[in-house]
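A short worksheet on the structure shown next.
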Amino acid sequence: MSHKFIPVCEPCLAGNELEYITDAVRTGWISSAGKYVTEFERTFAEYCGVDYAVGVCNGTVALHLALVALGVGPGDEVIIPDFTMIATAFAVCYTGARPVFVDAHPDTWNIDASKMEEKITKRTRAILPVHIMGLLCDMPAIDKLAKKHRLFVLEDAAEAHGAEYRGRRAGSFGDISAFSFFANKNLTTGEGGMVVTNNADLYKRSRYHKNLCFPLEGGREYRHDDIGFNYRISNLHAAIGLAQVERADELRAMRRKNHALYVEMLSGIPGISFQKDDNPDYLHVHWMNAILVDEKEYGMGRDALMERLRANGIDSRKLFTGMHRQKALERYGCDTRGEYPVTDMLSDRGLYLPSGSGLSEMDIQRICDEIRVFKTSELK
Ligand SMILES: Cc1ncc(COP(=O)(O)O)c(C=O)c1O
């Protein structure tokens with residue numbers, strides 16, 4: 001029997017997306033001015049529990065803009081996790097500063113807070129934790145360290161919309177935070193991003209630099225005091241975003257339910273493990289359902305399992321390659337020496353399985369059966 005192909009992630013656009021985007025087209029408000037941009041910013045700030053939000057055109061520029069607002073520049077260092085998506089590091093490079101890597105924690109896969117202090121120098125300006133797969137980092141420990149060394153904290157919350165620690169949401173811990181709304185994210189606009197903060201000054205600086213440093217007040221004289229960027233989000237993208245925020249709780253619950261099904265259906269398979277998620281203080285939003293494959297115990301390596309899934313119509317992706325293994329960062333001048341054993345283990349053994357919010361229980365069953373069938377046939 002031939003099965004339908006299961007992609008690694010599909011957006012779930014079953015709310016008011018079409019209605020709002022149609023309204024934007026009908027009324028001619030398709031550029032960056034328009035009511036959907038302001039409504040999307042307002043509702044997303046409210047969702048995160050922060051005072052201000054600035055919509056931008058993707059998550060990578062959200063990170064860059066946040067760093068610009070903080071005044072990070074040449075000669076500075078920014079602490080980032082070694083285990084992250086490349087955009088985290090590139091955003092630091094855009095400012096002329098240098099990213100400095102810290103290994104992941106073997107249980108949470110997030111930046112290991114206990115290994116951060118040894119990387120702080122007199123040039124360090126900021127810590128940039130990334131909430132990997134939608135699990136918040138150890139923000140109390142990071143906050144304590146930041147206060148001790150007078151550093152800024154910028155959360156990369158690209159994967160963590162609605163994630164919580166003791167009821168407080170991602171984006172509300174740092175001085176400033178960045179989100180992505182790429183098509184595979186828990187909330188999406190296709191391409192899009194957001195900078196959020198409680199700091200009025202950082203908010204103003206973000207707005208100013210996002211729009212080519214046009215003055216925030218007064219008439220349009222086409223005189224500019226600083227070099228800015230065009231990082232504006234369109235009203236069309238924001239229309240989709242507003243409809244997504246309206247369903248944020250529902251979409252979060254779908255993601256969490258799918259993860260629970262994966263855990264249940266894959267439990268007991270030797271050599272297959274998940275990111276640890278047993279601390280009741282944390283609410284994980286499971287951007288992606290990632291597993292690690294121990295070749296010895298499972299009897300097949302990660303790459304072979306991915307091939308097997310692909311041959312059976314199931315898409316998957318490898319986990320990120322560590323920053324210390326990135327040629328681009330070595331060429332830029334980052335210190336790529338040293339050992340990052342946890343990141344290496346994650347990127348050598350890890351993959352993520354189909355994870356779209358709208359995935360059906362039958363799809364998840366089919367995926368898990370495929371992973372289990374190999375193991376049981378081996379055991380016979
Ligand atoms: C941790 C992290 N940071 C930043 C980004 C960049 O977001 P975007 O693709 O919207 O530029 C991503 C996107 O996948 C990400 O996972």
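These values consider heavy atoms only, across backbone and side chains, with no hydrogens, waters or symmetry-generated copies. The first residue of the sequence shown is numbered 1, and numbering continues consecutively from there. Keep in mind it's a predicted model, so treat the numbers as computed, not measured. Just so you know, ligand 1 is whichever comes first in the structure, and atom 1 is the first atom listed for that ligand.
If you chain together ILVMFWY residues whose side-chain heavy atoms come under 4.5 Å of each other, Phe214 ends up grouped with Leu212, Tyr222. As a member of the Ile/Leu/Val/Met/Phe/Trp/Tyr network built from side-chain separations under 4.5 Å, Ile30 groups with Leu13, Leu18, Ile21, Val25, Leu236, Ile240.
No continuous path of hydrophobic side-chain contacts links Val72 to Met116 [ILVMFWY only; heavy atoms under 4.5 Å].
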Identify the protein atoms, limited to N or O, that lie within less than 3.5 Å of an N or O atom of ligand 1, and list each pair with its distance to 0.1 Å.
unit_1	atom_1	unit_2	atom_2	d
ligand 1	3 (N)	Asp156	OD1	3.3
ligand 1	3 (N)	Asp156	OD2	2.8
ligand 1	7 (O)	Ser180	OG	3.3
ligand 1	10 (O)	Gly59	N	2.8
ligand 1	10 (O)	Ser180	OG	2.7
ligand 1	11 (O)	Gly59	N	3.3
ligand 1	11 (O)	Thr60	N	2.9
ligand 1	11 (O)	Thr60	OG1	2.5
ligand 1	14 (O)	Lys185	NZ	2.6
ligand 1	16 (O)	Glu159	OE2	2.7

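Lys119 has no carboxylate O lying under 4.0 Å from a charged side-chain N of Asp82, or vice versa, which leaves the two without a salt bridge.
Under the side chain to side chain donor-acceptor pair (under 3.5 Å) criterion, the residue pairs touching residues 55-71 are His64-Tyr231, with sequence neighbours excluded.
Within a 6.0 Å radius of CZ in Arg98, no more than 12 heavy atoms belonging to other residues, nucleotides or ligands are found.
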